[in-house]
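Single-structure report; data block below.
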There are 4 protein chains.
Amino acid sequence: CFSNKSTKSSSIDISGVYPPIPTPFTSNGQIDYVKLQENFHTWNASDFAGYVVMGSNGEAVSLKEDEKLDLVRNVKKMSKPTSTIIAGLGLPTTEQTIEICNRVAEEKTANAALIVSPSFYKGQMNELVLRKFYEDVADNSKLPIIVYSVPANTNLDLSSSLVTALAQHPNIIGLKDSGGDIAKISEIVYNVPKDFQVLAGSAGFMLPALLMGCVGGICALANVLGDQVCLLYRLFKDNDLKKAVALQQSLISPNYMVTRRFGVPGLKAAMDLKQGLYGGVCRAPLLSLNDVDEKVLVQTFAKCGYPLVR
Amino acid sequence: CFSNKSTKSSSIDISGVYPPIPTPFTSNGQIDYVKLQENFHTWNASDFAGYVVMGSNGEAVSLKEDEKLDLVRNVKKMSKPTSTIIAGLGLPTTEQTIEICNRVAEEKTANAALIVSPSFYKGQMNELVLRKFYEDVADNSKLPIIVYSVPANTNLDLSSSLVTALAQHPNIIGLKDSGGDIAKISEIVYNVPKDFQVLAGSAGFMLPALLMGCVGGICALANVLGDQVCLLYRLFKDNDLKKAVALQQSLISPNYMVTRRFGVPGLKAAMDLKQGLYGGVCRAPLLSLNDVDEKVLVQTFAKCGYPLVR
Amino acid sequence: CFSNKSTKSSSIDISGVYPPIPTPFTSNGQIDYVKLQENFHTWNASDFAGYVVMGSNGEAVSLKEDEKLDLVRNVKKMSKPTSTIIAGLGLPTTEQTIEICNRVAEEKTANAALIVSPSFYKGQMNELVLRKFYEDVADNSKLPIIVYSVPANTNLDLSSSLVTALAQHPNIIGLKDSGGDIAKISEIVYNVPKDFQVLAGSAGFMLPALLMGCVGGICALANVLGDQVCLLYRLFKDNDLKKAVALQQSLISPNYMVTRRFGVPGLKAAMDLKQGLYGGVCRAPLLSLNDVDEKVLVQTFAKCGYPLVR
Amino acid sequence: CFSNKSTKSSSIDISGVYPPIPTPFTSNGQIDYVKLQENFHTWNASDFAGYVVMGSNGEAVSLKEDEKLDLVRNVKKMSKPTSTIIAGLGLPTTEQTIEICNRVAEEKTANAALIVSPSFYKGQMNELVLRKFYEDVADNSKLPIIVYSVPANTNLDLSSSLVTALAQHPNIIGLKDSGGDIAKISEIVYNVPKDFQVLAGSAGFMLPALLMGCVGGICALANVLGDQVCLLYRLFKDNDLKKAVALQQSLISPNYMVTRRFGVPGLKAAMDLKQGLYGGVCRAPLLSLNDVDEKVLVQTFAKCGYPLVR
């Protein structure tokens, strides 16, 4: 429906599969870099395009600014040199967001910033306000910006028209859509410039999203079943759709367990049940999974062909 | 995740594209069978698998019982002999629903009944109540049953586990899902017996739904752009996905105009702007589109390559 | 904020307490007039201003037109000569609604019509459409009209500005508000003509609603605890607020059991546990309360001082 | 319904009216203490019981920790010696919340902490998690705790049963309820120990809340119309209900303008239009009111008898 001419100021390619990594904590509540290194040892063996650090699954809202800067530094070191690092850097105000983007940009520890929509004053977060927020951040950030729509957490579903407008900005290079409305995602892909890159925000709908023009996915499930999510991407690229469909279908229920149903505690519980991965506790008030819930999680993975056993 | 053995009592095939036809009215509020015949003249030239009569777009809630029986009789006559007729026959009580299903079954005017979930007492419509409703209807109806989930109208989104349970019933042959949660639709397809047939409830997500295992679509937009929706289905069946994706993308905004945005009045307005089709007025309280809204509708169709001009 | 001049075409006074009576059914699903007569024997001993028949609690959506006309005829006979009869007569179309209002008006079996907002096409039920619906009904109905906002069933909360506009109509005499937003109710009372009468739609907030200018209540709980709800109204009228507050507080949890929590089945279950009252079954798909839920209901009433025992 | 024995570890009385003060900013985005002093000069002439600093209207989510500590220090100084200072100190984690409570406690700059429910991971914020959060904070905080339910911002409406459970804790002394469900508020008052103090979270329903047992209100509107909100409280205490009802009704629409409709920008715009008060800009992304919206705000105040003119 719209013309397709635009040039991004940065030509970073964000296609492929990214795990939004959880942040491990020690028993006294500090970031546990030893465990994180172990996780990276496992993750780096998969075909990830890179990593998302301090997304919703990274408990970003529970980290202080210094912890964030330190965490992204370590992720940069622990990942492969070829990995694209996307850092979750959205904060409640425009100014704070710009400031942390530029600090990370200076340290050259991330390739792009994933910016969640501010949401506390949701009654006032109309299209005009959100548009100005993202454009002001993009105008002033030395990191390229990826817009992040995650209505399950923010109760704000960024509209197709808002994203289409933002996609014209030279420093806004893409969107992570965790809402999962496939018609809306397809409409966005249809309307934005060709070099605006849309990523599925969950493994639950990655294949249909790829079909409709998304370039990859940021998938909590990839932390646990990294090879399977990468295989799904590969099967799609190789046009082996029959296998891709079967694989996609088998991943939906497990994905649901580590996202909507049990959230970050579910994701960490699943990691604790996989060789080579450490989940551990969340920062309170998030509680670890209880035994009943963990059983539901284990049974769901097993039923779909993904037994969780150390 | 589940075993796939089941046999339906009826072997009716409901794959393909169906327009959920609107009901035309004369200026004094009666069903206008002359205009309906004209519409069928146009529709019968498209490759539809059949027709849905008295769906949400047919203003079923505004029709009296005698009008319904008469309407489906006429649709049976006006459609092609090979057309599959699906009649919307859900009523607020179990008994009324069974009764009308069996009256239509006796008249042999429809092949299957599309049963919307009862929704007025939504606080009490838990999974147990809805399961018993559908199973009681299916036990007693001589027509095979298609479950109909349309949360935009009912505020009830039938869960994956409910549909999976219902799919085991020999007289429940399929689902029309108008909610459009592609992960949920995929999960249902994965969990139900192979002969349980899932239909996309809208043209806005038909291609991803087909990819994930749906067998067709009941699409309001097919009333207006019948050939394009049938082509989308055909391109998918022929595995011509590149063209299919481009076509699917171009249909989303027009589809939105005749569904969520402007509803039945929008659909009828679009029909009034197509040669060979008649939309006309809705039964009050639904109002015809005003000029401003009609302009939005026309511009949206035009921008996407589908000019509406008589 | 607005001027307060208006004259209603009818001077009917609807102040006071009304039970929205449930419809009893025989084991074969017919309206059970023997049981209804027994209930009226009990109810007529309370100080009700009258009765609401075929409200949400009367399972109006499950009754056919002939049943409705017959039911209101019987209610007229069974109630006291001084009782005001309010009949729930809203139907999905404007024309059907007008027609049934005028049939009841001719039979002189009810004093006013309670008209629920049409809600199936909720996406199109904007303020303009709803305003025209109510005004067209009011223009053509020989019964005075009471607007009925019940968002728990319709997912439409009629706005303060809509009600204020409708209140200017000479044949729209009042509002039943079951949403319970006390600020909105107060704003409506402030803005409407003095002879527009607002009724609380539930016993859960009747006292604060009376304080803010409502003239009475239509309260499901009054079917079971009629004397207590009438006493609450009386204490308010007598300005005995301390006792009124204590009584109001004690009624909230029992009220919740027979409304939001367990709906009509909860109301009927509570009636079955009171001497002189019959609840019985609902029309399917509504199911009777199971034993666990009935226990919760009984305990809640008991805890608040209202033991349910035959 | 429950027994009423309990003793709070602190006997602080939080009854009365509190403005949740907005935080003024200079043109370069710093807290503007000169303007704040001017506002206190005006506010201190009203009969407030005290002040809430860093509530939702104080843009707490946009303030850094050092700014918060500094702000509450200044508020302590600028307010009257008899003023009760309630500081909004909820943070995303249990530990951060405890830490800041104890820092403020050490500085003796506030009398109680108002703790908003954590809400980013709303899918996991079930009753168990929220209960443990509040109890852990209360166990470890040297300031007494007031629970804060503000569903318009958090999309979490703390349940009656959760609040009733929390009310048993010796260091949880009260609740600010901004949801405004008067039945729920009344049920809470009925169920909690007598020394647990419930405050209305808005001027829109303060009178009905006082009637049902609340001890006061934290009202955004009190920043602008402080004398009127204090008068409303006084009329209730003096049992002059007729005047109280009229006053309450007149405050609802103005209150709506500075809360739901226009949020903090609306509140600051109204302050800018009152002699002796300064509103100014919000921290971005919140935008100042545009001219059209400001006109709506001014007209609404005027229509209800509260002209806004410098």
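Convention: sequence-line order gives letters A, B, ...; per-chain numbering from 1.
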Residue from D:Lys184, D:Glu187, D:Gln248 scoring the most non-hydrogen pairs under 4.5 Å with chain C is D:Glu187
With a 4.5 Å heavy-atom cut-off (strictly below), which parts of residues 204-219 of chain C touch chain D? List them by number. C:Gly204, C:Phe205, C:Leu207, C:Pro208, C:Leu211, C:Met212
Contact check, side chains of [X] and [Y], non-hydrogen atoms, under 4.5 Å:
| X | Y | answer |
| --- | --- | --- |
| C:Met271 | C:Pro22 | yes |
| C:Ser202 | C:Ser178 | no |
| C:Ile146 | C:Leu175 | no |

Assert top hit (heavy-atom pairs under 4.5 Å, partner chain D, pool C:Leu251, C:Leu241, C:Ile252) equals C:Ile252
What residue in C:Ala302, C:Ala183, C:Ala246, C:Ala244 has the most heavy-atom pairs under 4.5 Å with chain D? C:Ala183
Could you tell me if D:Tyr306 and D:Thr300 have a donor-acceptor pair between their side chains, going purely by distance under 3.5 Å? no
Scan for side chain to side chain donor-acceptor pair (under 3.5 Å) pairs involving residues 211-231 of chain D, sequence neighbours excluded, and state none if there are none. D:Ser46-D:Asp227
For D:Asp272, is there an ion pair with D:Lys268 - N to carboxylate O distance below 4.0 angstrom? no
With rounding to the nearest 0.5 angstrom, report the CZ to OH distance, D:Phe48 to D:Tyr233. 13.5 Å
